[in-house]
Amino acid sequence: MASTSTPTTRPALLGIAHGGPVRVTELGKGHGGIVWTVQPGNFPALLAMVNANGGPDCWRIEAL
């Protein structure tokens, strides 16, 4: 019997419901990871970056 498998999907960040800047922190790094501030005009690029680099489980996004 042949078996089929489907690729595992990971969660995706679909949007940010905040009108101001956010702080983005990389999680799971012993040295604290990357931390930076993102302005609302750059949210589309932030969404793409988060989803391409582990998904929302790997990043903390906090409203400032």
Side-chain angles (χ1 to χ4, degrees):
M1 174 184 276
S3 65
T4 59
S5 63
T6 57
T8 303
T9 58
R10 59 182 176 210
L13 183 61
L14 301 177
I16 298 173
H18 178 64
V22 296
R23 177 181 295 123
V24 181
T25 306
E26 184 180 24
L27 301 175
K29 301 290 181 180
H31 58 79
I34 300 168
V35 179
W36 75 98
T37 300
V38 179
Q39 299 298 321
N42 295 325
F43 285 174
L46 173 61
L47 296 175
M49 187 283 308
V50 166
N51 291 328
N53 293 285
D57 292 340
C58 296
W59 301 90
R60 178 181 303 126
I61 301 174
E62 303 170 284
L64 294 179

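As a basis for the values below, the full set of heavy atoms in this structure was taken, side chains included, without hydrogen atoms, waters or symmetry mates. All residue numbers in this chain count up from 1 along the given sequence.
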| Close side-chain approach of Pro11 to Asp57, heavy-atom, < 4.5 Å | yes
| Taking C-beta and beyond as the side chain, do Leu46 and Trp36 meet within less than 4.5 Å on heavy atoms? | yes
Heavy-atom closest pair, residues [X] and [Y]:
| X | Y | result |
| --- | --- | --- |
| Met49 | Trp59 | SD-CZ2, 3.7 Å |
| Asn51 | Pro56 | OD1-CD, 4.2 Å |
| Pro40 | Pro21 | CD-N, 4.0 Å |

| Between Glu26 (side chain) and Gly33 (backbone), is there a donor-acceptor pair under 3.5 Å? | no
| task | Please identify each residue that fulfils side-chain contact (heavy atoms from CB on, under 4.5 Å) with Arg60, with sequence neighbours left out. | result | Thr25, Leu27, Glu62
| note | Cluster membership besides Leu14, Ile/Leu/Val/Met/Phe/Trp/Tyr side chains within less than 4.5 angstrom, sorted by chain and number, is none
| Out of Val35, Thr37, Val38, which residue meets the side-chain contact (heavy atoms from CB on, under 4.5 Å) rule with Val24? | Val38
| task | Evaluate whether atom CZ of Arg10 has more than 12 neighbouring non-hydrogen atoms of other residues, nucleotides or ligands under 6.0 angstrom away. | result | yes
